[in-house]
Amino acid sequence: MAIGVFDSGVGGLTVHHKLVERFPAADFVYLADQANAPYGGKPGEEIVALTRAGCERLFAEGCNLVVLACNTAASVALRRLQQTWLPGFRREIGRPVNVLGIVVPTIEAATGLPWEHEAERRGDKVEKLDIVGVFSTPATAASRVYEIEVDKRRQDVAVFSEPCPELARMIEAGASRDELREVIGRHAQALKSRIGRWPDRAILGCTHYEIVADLFREALPPGTPLIHQPDATADALARYFERHPEFAAGSGAVRRFLTTGQPGAQHSLVETFWGGPLSFEQA
Ligand code: DGL
């Protein structure tokens, strides 16, 4: 049994790489839905259907656990799939399978609290002392998942989202650092104007943004802490395996990479995301 890692494109490779580092003996299958990327501006129903198709493909490849290394898929589709599709699908294939996302680990890292934690609701007005800015795709921002889930756990933390409609596509298309710097700077300023000051911390809420983390750091005041999703996801998966040893994921150190787009050796962008060249098979 292998761990499946799913993203609309190459952004999830940042998460995949960290998971491989943390679980070196485990078998992994990565699926990039590049034929349909980017997801960030698509209607919710389409994101749900594409995410479900991606999970089915990974389960058909022998995965028992799929990590949605895509905020857009995790924010828009995960709960729906867990509630309306997974229970029937498990009965159909007759083995334990599960789908996990990238949002839960990020909320845990942002709040310093486990997912199960619920804040005691206080009637009086609670001062928001800590402001977290979230840069994400429009679909993730529209889901308001970070605002809602952080507020359930920490009433003293306020979340402000900044949708960046063009950024994942530009990164995937190999835009220059100067072009990316300009767009990221504009979004950082827009977030600052909306909040009325700079955020205290920031979440790079799209897996594509991890490779331009240094440009976000440049655009934000020096020393603004960034919450890194690859680390947060690897930590959360280690805790999940402790609770669910039945999902232990192979021991052959198998690494397969599938794409719905162009198979074959992938250009330098993949090296930037993953740290080395990769060859993709046709999904
Ligand atoms: N990298 C993905 C995310 O985390 C998706 C970007 C996109 O396909 O728009 O949201």
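Bear in mind that the values here come from a model prediction, so they are computed numbers and not experimental data. Order of appearance sets the numbers: ligands from 1, and atoms from 1 within every ligand.
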| said: Tell me whether ligand 1 is touched by Gly40 - counting only heavy atoms on the residue side and a distance under 4.0 Å. | reply: yes
| query | Looking at ligand 1, does any of its N/O atoms fall within less than 3.5 Å of an N/O of Thr207? | reply | yes
| said: Just to confirm my output: which protein heavy-atom neighbour is closest to atom 7 (C) of ligand 1, and how far is it? | reply: Tyr39 N, 3.3 Å
| field | cation_pi(Arg90, Trp85) dist<6.0 Å, angle<=45 | value | no
| query | Does a donor on one side chain and an acceptor on the other come within less than 3.5 Å for Ser143 and Thr140? | reply | no
| Looking only at heavy atoms of Cys70, does any of them come nearer than 4.0 Å to an atom of ligand 1? | yes
| query | Can you check whether Val157's main-chain N or O pairs, donor with acceptor, with Asp130's side chain at less than 3.5 Å? | reply | no
| Backbone, side chain, both or neither: what part of Ser8 comes under 4.0 angstrom of ligand 1, heavy atoms only? | side chain
| query | Side-chain donor-acceptor pair under 3.5 Å between Tyr39 and Asp7, yes or no? | reply | no
| query | Is the gap between the ring centers of Phe59 and Phe89 under 6.0 Å? | reply | yes
| Are Phe135 and Tyr209 an aromatic pair by the rule of ring centers under 6.0 Å? | no
| message | Taking the ring of His16 and the ring of Phe28, is the distance between their centroids below 6.0 Å? | response | yes
| task | Would you mind finding which of Thr140, Thr72, Ile102 brings a heavy atom closest to atom 10 (O) of ligand 1? | result | Thr72
| query | Any N or O on Thr137 sitting closer than 3.5 Å to an N or O of ligand 1? | reply | no
| said: Under 4.0 Å from a heavy atom of His208: which atoms of ligand 1 are those, numbered in the order shown and with their elements? | reply: 1 (N), 2 (C), 6 (C)
| In terms of atom number and element, which parts of ligand 1 are under 4.0 angstrom from non-hydrogen atoms of Pro38? | 7 (C), 8 (O), 9 (O)
